[in-house]
Amino acid sequence: MGCGQTKPAKNESQRKSVTFKEPPVDFIEPDSNTAFFSNPLPVQTSENSLYPPQPPKTKRLEIIPDDAMFHSLDDHALRAPRSADSSVEALSRYLTKPARNHVQKCRVFYRWITNNISQVLLLFLIHFIYDTAALFQGKKKPLDAESVLKLKTSVCIGYANLFSALCRCSEVTVQTIFGYAKGYNYNPEIRFEYGHATSHAWNAVHVDGEWRFVECTWGAGNCDEFKKFHFDYHDHFFFMDPDLFVLTHFPYDLDIKMALTWQLLTEPWSLDKFNSYIKPSMKSIEWGIEFVSHHSSIVFTNAESVIELRSNRTKLAVLHGELIPEKGQNNKPYTYAYKSGSNEYKVIVRPPSVGKFTLRILANIKDEDEAFTLVSYVIKCVSTQGLVRSFPYHWRLWGPSESCKNHGLIYKKGSCPFIMTESGEVEIKLPVEKEIEASCRLSHAENLVRESDDYVMTEINGGFLLARARLPKEGHYKLEIMVRLDDENYKTMLTYLLESKQTLPMIHKLPKCYRAAREFQCLLLEPLTYELPRNTKMRIRLKCPQDLSLVLKKQSIKVERTHEVWDFLSTTPSAGEKFCISGKLQNDYSNTRSTYKGLYEFSII
C-alpha cells in the first residue's frame, strides 16, 4: 500500500498550502522481475468447482445501496474482544453471531481484518523480499491464516489467507486469486509480462449465486511516502464491481485462459490493455469519475492536450492539474481546468517544452485547499508552438463558482472561460438577475504588468454587467469578477483566463469607475481613456436609464439628453489634476438634500 502526502511547489506568495492524498495501494510492490510469490495455481476446492467464475448479473449498488446498512455488523466486528481471536475457528464463530446470510458473514470478516491486521511492522521484510537469496533461504514471516491472526501483521497473501480461512469456517465459498496489481510506486512505463512472478493476492466469494471481489489489503489503509502504514479504512474494496476492479487488478496463472475468467467480465481484458489503461484513484471511484477522452496512462502530445472527464455522482468544486517535469522542478502552472457541461470537465495541458512530464489531476468535491489525486498521466511532449507562457496560479475551476447564480450573475453553461485577444481589448457581458454591487480584479501570470487593476473597469447597465479589460503585455491574465456580500466583503464569483498574443506599444488605462456609477446603472461611452490631455475640449457621453443631474468640478456644463444617452462638452483642467464626473438622481425623494456622488475619474497629463 502507499499514500503520499506532499505539498505543492510554491513560486508565488498567493499559493496556498495544499495536501495531496494518494489512493491506497499495495504496500510491497516488487518490480516485475522480482520474485515475490512464485506462480501458484489458484486455490481449488470441491466447493469452488461447483461455481465456475461468471460475471455477476447485478451491480454492487443494487445489493449494497448504502454501506450504512452494515453499521450494526461493522460495530460488532470492531468491538470484538481479544479473547475472540484465539483461533481462526473461534474468531469465525464470534464474528458470525449476528450474520443472517453469507453477505453479512463476508462483511464482518472484511471489517475485522481491515481493522486489526496491519503492515506497519513489516518494514524490515523489504530487504528479504527484494533479496532473492534471502527469500529462498526462507527468511520471511509465515503467511498462513493462524500465523497472521497471531502476529496481526502480514502482506497481501496473509490478508487473503486469513479471509479465506474465516470464510471456510463459516461455509462461505471463497477463492484466493493471484495476479498483478497497480500498487505502490506503480510505473505505467514498466509493463507487466506473462511469466513474471505475481505480486499480489486477493479474494472472491460466491454469495447469492454470484461471485464478488473482496480486497482486504487495500481496504485496510495506506502508506505515506516513508512506507509507514496508516489504518485508513475504505468500503469500496468490499464487493467492488469487476469493471472497476480490473482497472488495478489482473489475475494471472499458468493457465492463462482460466485466469482471465477471474476478471469476472463478459469481455476479459488483455494484459496489453491492462498495462496501457489508466489507474484511477479510489477517490475517482468513490465520486463516480469517468475519464472520457484519455484512457491510456501515457499521452503523446503536440503542444496541447485536452483531458476530458465526467463526474457522474458528485460535483467537483476544485479541479487542478499539476505538470511535473521528469527532471528538476516546475513551479509554474501549465494547466487550467473548467466545467464544460452539466457534469463534464476539461483539463487543458500545455507543456512548456519537449520532454517527459507527469500530469497529476487533483480534485475535491468541497471548496477547500485540500485536494485528492484522481489520476496520473505520463505526458510525452513531442513539439511545442514557440514560447509557451505559464498560466496564472488558480487552484479552483476557472469559470463560475457554485454560488454565482445565487448572487445574481448568470453564466452560460458550458461556456469556456478562456478568452484570447489579438487587439489587447476584452469585453465580457453577463446578465444580472438582481441588484448587485460588483468589481473586477486583473493580474498578469508573470507579474509583468504593474498596477494591473488600472486596466480593468466594471459597470452595470440595462440588466447586464460589463467588464472591460485591456492587456498591455503578452501572456496570460486572471480576471476575477467579484460581488459584494451582505457583510460588505467581496467574493469572487467568476474567474476568466485571458491571453494576449502580443505586447502592444500603446495601450491606455481605463477610467476609474466608482460604485455610484454602477448604482445608477451608468455606462461610459466616451472617453474610454484614464489619461486625458490638459486644457482640451472633450466630448463626454454616458448612458443611463435614470434621470441624472451631472456636475464637473469647478465647471458648469450644458447637458443634452437623447433617450438614455447623456452628451456634453467640457474643457479638461491643467496637468496633474483629477477630472471627475459626479451625479445624483433627480427623482431621489428619500433625501431632498442628497449630495453628488463620484461616477468616473480621469487623470490629466
Could you check whether any side-chain N or O of [X] sits under 3.5 Å from a backbone N or O of [Y], counting only pairs where one atom can act as donor and the other as acceptor?
X: Tyr159; Y: Ile117; answer: yes
X: His295; Y: Ser276; answer: no
X: Lys283; Y: Phe372; answer: no
X: Trp287; Y: Lys315; answer: no
X: Ser284; Y: Leu374; answer: yes
X: Ser164; Y: Ala160; answer: yes
X: Asn275; Y: Leu271; answer: yes
X: Asp74; Y: Arg111; answer: no
X: Tyr180; Y: His196; answer: yes
X: Asp144; Y: Ser147; answer: yes

Would you say that [X] contacts [Y] through its side chain, given a criterion of any heavy-atom pair below 4.5 Å between the two side chains?
X: Val349; Y: Thr301; result: no
X: Glu189; Y: Lys380; result: yes
X: Val103; Y: Phe239; result: yes
X: Pro55; Y: Leu265; result: no
X: Val318; Y: Leu362; result: no
X: Ile285; Y: Met240; result: yes
X: Leu162; Y: Trp112; result: yes
X: Pro242; Y: Phe213; result: yes

Ignoring hydrogens, what is the shortest heavy-atom contact between [X] and [Y]? Give both atom names and the distance.
X: Cys167; Y: Val205; value: SG-CG1, 4.1 Å
X: Val378; Y: Pro188; value: CG2-CG, 3.6 Å
X: Pro280; Y: Phe291; value: CB-CE1, 3.8 Å
X: Pro251; Y: Ala259; value: CB-O, 3.4 Å
X: Val88; Y: Leu166; value: O-CD2, 3.6 Å
X: Pro352; Y: Val388; value: CA-CB, 3.9 Å

Requested in this report: Kindly state whether the ring of Trp262 and the ring of Trp211 have centres lying under 6.0 angstrom apart.
Outcome: yes
Query raised in the report: What about Tyr252 and Tyr194, are their ring centers closer than 6.0 Å?
Result: yes
Separation of [Y] [atom2] from [X] [atom1] (nearest 0.5 Å):
X: Thr198; Y: Phe192; atom1: OG1; atom2: CZ; answer: 11.0 Å
X: Arg396; Y: Asn364; atom1: CZ; atom2: CG; answer: 9.5 Å
X: Leu244; Y: Met282; atom1: CG; atom2: CE; answer: 13.0 Å
X: Asn203; Y: Ile113; atom1: CG; atom2: CD1; answer: 8.0 Å
X: Leu359; Y: Ile379; atom1: CG; atom2: CD1; answer: 5.0 Å
X: Glu290; Y: Ser311; atom1: CD; atom2: OG; answer: 10.5 Å

Query - Residues which pass side-chain contact (heavy atoms from CB on, under 4.5 Å) with Asp67, listed by chain and number, not counting sequence neighbours - result: Arg60, Ile64, Phe70, Arg107, Asp235
Query raised in the report: Taking it one step at a time, do Cys106 and Phe238 satisfy side chain to side chain contact (heavy atoms under 4.5 Å, CB included)?
Result: CA-CA 9 Å; Cys106 293; Phe238 179 73; 3.9 Å; yes
Report task. Test Tyr336 against every option in Trp395, Tyr345, Phe418, Tyr393 by the ring pair (Phe, Tyr, Trp, His ring centres under 6.0 Å) rule and name the one that passes. Result -> Phe418
Describe, in one word, how the ring planes of [X] and [Y] are oriented to each other, choosing from parallel (under 30°), tilted (30 to 60°) and perpendicular (over 60°).
X: His294; Y: Tyr377; value: perpendicular
X: Trp398; Y: His394; value: tilted
X: His206; Y: Tyr51; value: parallel

Between [X] and [Y], does any side-chain donor sit less than 3.5 Å from a side-chain acceptor?
X: Ser170; Y: Thr96; result: no
X: Thr58; Y: Arg212; result: yes
X: Glu215; Y: His200; result: yes
X: Glu308; Y: Ser340; result: no

**Report entry** Trp202/Cys156 under side chain to side chain contact (heavy atoms under 4.5 Å, CB included): CA gap, chis, key distance, verdict
**Finding:** CA-CA 7 Å; Trp202 57 94; Cys156 54; over 6 Å; no
Query raised in the report: Going through the checks in order, is the side chain to side chain contact (heavy atoms under 4.5 Å, CB included) test met by Leu247 and Tyr277?
Result: CA-CA 7 Å; Leu247 299 176; Tyr277 213 87; 3.5 Å; yes
Query raised in the report: Between Glu322 and Arg360, is there a salt bridge with N-O shorter than 4.0 Å?
Result: no
Report summary line: Hits for salt bridge (Lys or Arg N to Asp or Glu O under 4.0 Å) against Lys150, two or more places apart or cross-chain, chain-then-number order -> none
Query - Chi angles and distances behind the side chain to side chain contact (heavy atoms under 4.5 Å, CB included) call for Thr335, Ile348 - result: CA-CA 5 Å; Thr335 70; Ile348 314 299; over 6 Å; no
